[in-house]
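Shown next, in structure tokens, is the structure this report addresses.
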Amino acid sequence: MATSMNTITVNGVTYNYEEYMASQNATKKNVNADYISKDTFLKLLVTQMQYQDPLDPMDNGEYLSQLAQFSALEQMTEVADKMENVHTLVENLDTSVLVGQLTSMIGQNVQWATTDSEGKTTLHEGTAKSVSISDGAPSLMVETEVKDADGNISKAVTKVDISTLTRIGKGDLPE
């Protein structure tokens, strides 16, 4: 970072020094504007007590009420953070269990259904070869036999959404 009289260069970009510093200070203020720490709250409370009107003092119950509200809010925030951690843990556990169940299908014949745009349902068969996870959603990679126009048979691998599976089992599946 290099500076001259009225400019500042940051990461190869030159800014007006005063405008840059003002924007940096505004960014820092915005980050802290939505958060008040427990220490700050207590300092405000003590300052409020110090400068209250001695002829018309505030009721102690009001101070305790403010303190209790702040404490309750702080505890609720902590509970919400912990619940988010638990939710993430449960989601990861669910995915792990599902992937474990899907891996037991590898080598087995599976049948799944697809529906075209006209509403016609077609059943397909193949052998589960692997498990795939895309965007957090597990699916099976299934090897199928495909006939071309000349009647030649080749193998293809198809990604099958687990919600479309209709049967799982060893050997040939009945129609």
Pair listing, ring pair (Phe, Tyr, Trp, His ring centres under 6.0 Å) test, anchored in residues 94-133, at least two apart:
W112-H124

Report yes or no: do M141 and I106 belong to one cluster of Ile/Leu/Val/Met/Phe/Trp/Tyr joined by side chain heavy-atom distances under 4.5 Å?
no

What verdict does the side chain to side chain contact (heavy atoms under 4.5 Å, CB included) test give for S154 and V146, after you've listed the backbone C-alpha separation in whole Å, the side-chain angles of each residue and the deciding distance to 0.1 Å?
CA-CA 5 Å; S154 62; V146 180; 4.2 Å; yes

Could you tell me if E143 and T127 have a donor-acceptor pair between their side chains, going purely by distance under 3.5 Å?
no

Taken to the nearest 0.5 Å, the spacing of I162 CD1 from S132 OG works out to 11.5 Å

Run the numbers on L123 and T166 for side chain to side chain contact (heavy atoms under 4.5 Å, CB included), then give the verdict.
CA-CA 9 Å; L123 293 177; T166 56; 4.3 Å; yes

From D161 atom CG to L140 atom CG, the distance as rounded to the nearest 0.5 Å:
9.5 Å

Distance from T144 atom OG1 to I153 atom CD1, nearest 0.5 Å?
11.5 Å

Derivation of the side chain to side chain contact (heavy atoms under 4.5 Å, CB included) call for D116 and T122:
CA-CA 8 Å; D116 63 15; T122 306; 5.7 Å; no

Would you mind writing out the side-chain donor-acceptor pairs for residues 72-82 within the sub-3.5 Å range, not counting sequence neighbours?
from : atom 1 : to  : atom 2 : distance (Å)
T77  : OG1    : L73 : O      : 2.9

When you measure from the side chain of D150 to the backbone N and O of N152, does any donor-acceptor pair fall under 3.5 Å?
no

